[in-house]
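Both counts, for ligands and for their atoms, begin at 1 and track the order of listing.
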Amino acid sequence: MTTITQMKCACQTCLCVVSIEEAVKNDDKYYCSEACAEGHKTLKGCAHNGCGC
Ligand SMILES: [Zn+2]
Ligand SMILES: [Zn+2]
């Protein structure tokens with residue numbers, strides 16, 4: 001049995017891989033940051049290098 005501990009951020013344009021324990025969870029999806037979790041309505045980017053979101 002494999003336990004998944006890391007997932008790609010659910011933000012489409014984001015390239016981050018986040019560990020589920022540390023991810024920001026929203027609507028059963030995992031995001032690397034608050035900005036991604038809120039769909040970039042008020043916050044831009046995720047402050048991670050190389051992400052285009
Ligand atoms: Zn990111
Ligand atoms: Zn994002």
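- Under a 3.5 Å cut-off, the side chain of Glu38 and the backbone N or O of Thr42 do form a donor-acceptor pair.
- Val17 and Ile4 fall into different hydrophobic clusters, where Ile, Leu, Val, Met, Phe, Trp and Tyr are joined by side-chain heavy atoms under 4.5 Å apart, directly or via other members.
- Annotation for Ala35 and Leu43: closest pair CB-CB, 3.6 Å, computed over non-hydrogen atoms.
- For Lys29, the NZ atom counts as loosely surrounded, since its 6.0 Å shell holds 12 or fewer non-hydrogen atoms of other residues, nucleotides or ligands.
- Under the 3.5 Å distance criterion, the side-chain polar atoms of His48 are left unmatched by any main-chain donor or acceptor of Cys51.
- Taking 4.5 Å as the limit, every side-chain heavy atom of Cys11 sits out of range of all side-chain heavy atoms of Cys32.
- Below the 2.8 Å limit, the Zn ion (ligand 2) has as protein N, O or S neighbours Cys11 SG, Cys36 SG, His40 NE2, Cys53 SG.
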